[in-house]
Amino acid sequence: MTLTVPLPRGAVEVTTAWTPGDGRGAVIVAHGAGAGMEHPFLVGFTEALNTVGFSTLRFNFPYREQGRRMPGPAAHAIATWHAAVAHVREREPAGPVWAAGKSYGGRMASMAVAEGLEVDGLIYLGYPLHPPGSPEKLRAAHLPAIAAPQLFVEGTADPFVQPVAQLEEVVATCQDARIEWVEGGGHSFEVKGAKRPADEVGASLAPIVDAFTAWR
């Protein structure tokens, strides 16, 4: 299945994967900068969400669809998020819609919502607060403007959020946000000494999301 995304130089088609649930609402999941929607981490994550009743939509950003490895303009990613949310709301007009993303995908969702995209909440799977080793280059100025609930699922060993106190300070400035720490987790939630396949790692995060959305 494909999704049409209107861009300044004309519409493009991106690949999607839709799985209907049984009334829990829909979680839209975007990939990180270096991997597409078929990465086992994302497949495992969405399949685990499906088992507890959520509908899920995974999609590719245009740059990935075009075979490029580096992300395109942020405006293209934001336009893709708008198209994905509109598509899901057409399919499930009555249910809540949650925007989730691995690293870059979550950051792009937050930028879209800060600019006016309406969702019922945001779920970040490893928010890239700053480039590794450069905590002074924060990517957080827009986060306090977001009124929708925000869930930061973060590994305590993730180099994108070191020192971890910095993320805690940022989250404290947000209107409605919380952090769920994965002890020892890296940027992809890998834990040193614990070898698990990526799909299993992704699936292990679904209960955190399930509890967060139920609490809301």
Side-chain angles (χ1 to χ4, degrees), residues 27-49 51-52 54 56 58 61 64 71 77 98-111 113 121-144 146 148-174 176-216:
V27 182
I28 307 173
V29 184
H31 60 77
M37 57 171 270
E38 293 301 333
H39 192 281
F41 174 92
L42 298 181
V43 174
F45 176 65
T46 53
E47 287 181 347
L49 290 176
T51 64
V52 293
F54 289 99
T56 59
R58 285 178 286 117
F61 287 114
R64 191 74 189 185
W98 305 83
K102 177 70 180 76
S103 191
Y104 167 83
R107 181 183 170 220
M108 293 298 103
S110 71
M111 293 174 65
V113 172
L122 287 150
I123 299 157
Y124 310 118
L125 307 177
Y127 187 87
L129 185 62
H130 56 70
S134 300
E136 74 282 0
K137 297 180 180 179
L138 284 180
R139 301 158 171 162
H142 62 293
L143 296 177
I146 295 174
Q150 301 178 79
L151 172 65
F152 293 78
V153 185
E154 304 288 341
T156 59
D158 185 349
F160 286 79
V161 294
Q162 302 299 322
V164 296
Q166 190 174 40
L167 178 62
E168 293 171 339
E169 292 168 1
V170 167
V171 170
T173 69
C174 295
D176 184 353
R178 62 189 290 188
I179 309 172
E180 289 289 343
W181 292 107
V182 175
E183 187 62 35
H187 192 53
S188 293
F189 301 96
E190 73 285 1
V191 176
K192 187 176 181 180
K195 294 184 178 180
R196 294 189 297 169
D199 59 338
E200 184 178 315
V201 175
S204 73
L205 304 183
I208 299 174
V209 174
D210 185 22
F212 176 69
T213 58
W215 175 68
R216 308 311 310 182

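Because the structure is predicted, anything quoted here is derived from the model rather than measured.
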Which value, rounded to the nearest 0.5 Å, describes the distance between [X] atom [atom1] and [Y] atom [atom2]?
{"X": "Thr46", "Y": "Ile28", "atom1": "OG1", "atom2": "CD1", "value": "13.0 Å"}
{"X": "Arg58", "Y": "Glu47", "atom1": "CZ", "atom2": "CD", "value": "7.5 Å"}
{"X": "Phe189", "Y": "Leu205", "atom1": "CZ", "atom2": "CG", "value": "5.0 Å"}
{"X": "Ile146", "Y": "Ser110", "atom1": "CD1", "atom2": "OG", "value": "5.0 Å"}
{"X": "Leu122", "Y": "Tyr127", "atom1": "CG", "atom2": "OH", "value": "10.0 Å"}
{"X": "His130", "Y": "Arg139", "atom1": "NE2", "atom2": "CZ", "value": "9.0 Å"}

Query raised in the report: Tell me, which pairs form a side-chain hydrogen bond (donor to acceptor under 3.5 Å, both in side chains) where one or both residues lie in residues 163-172, sequence neighbours left out?
Result: none

Requested in this report: Taking side-chain hydrogen bond (donor to acceptor under 3.5 Å, both in side chains) as the test, write out the residues that go with Gln150, two or more places apart.
Outcome: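 For Gln150 the side-chain hydrogen bond (donor to acceptor under 3.5 Å, both in side chains) partners, ignoring immediate neighbours, are Tyr124.
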
Query raised in the report: Does Ser103 have any side-chain hydrogen bond (donor to acceptor under 3.5 Å, both in side chains) partners at least two apart in sequence or in another chain, and if so, which?
Result: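 In terms of side-chain hydrogen bond (donor to acceptor under 3.5 Å, both in side chains), with neighbours along the sequence ignored, Ser103 is linked to His187.
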
Testing the basics here: between [X] and [Y], what is the closest heavy-atom pair and its distance to 0.1 Å?
{"X": "Gly155", "Y": "Val161", "result": "O-CG2, 3.9 Å"}
{"X": "His39", "Y": "Ala198", "result": "CE1-CB, 4.0 Å"}
{"X": "Val209", "Y": "Leu151", "result": "CA-CD2, 4.4 Å"}
{"X": "Gly126", "Y": "Asp158", "result": "CA-OD2, 4.2 Å"}
{"X": "Tyr104", "Y": "Pro128", "result": "N-CG, 4.2 Å"}
{"X": "Phe212", "Y": "Pro149", "result": "CZ-CB, 3.9 Å"}

Query raised in the report: Has the side chain of His31 got a donor or acceptor atom that lies under 3.5 Å from a matching backbone atom of Phe61?
Result: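 Pair found, side chain donor or acceptor close to backbone of Phe61.
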
Query raised in the report: Just by distance, do the side chain of Glu190 and the backbone of Ser188 share a donor-acceptor pair under 3.5 Å?
Result: yes

Under the side chain to side chain contact (heavy atoms under 4.5 Å, CB included) rule, collect the residues that match up with [X], sequence neighbours excluded.
{"X": "Lys192", "value": "none"}
{"X": "Ala157", "value": "none"}
{"X": "Thr156", "value": "Trp181, Glu183"}

Report task. Would you sort out whether Val171 and Arg178 count as a side chain to side chain contact (heavy atoms under 4.5 Å, CB included), showing the intermediate values? Result -> CA-CA 7 Å; Val171 170; Arg178 62 189 290 188; 5.7 Å; no

May I ask you to test the [X]-[Y] pair for a side-chain heavy-atom distance under 4.5 Å?
{"X": "Lys137", "Y": "Pro135", "answer": "no"}
{"X": "Phe152", "Y": "Leu129", "answer": "no"}
{"X": "Ser204", "Y": "Arg196", "answer": "yes"}

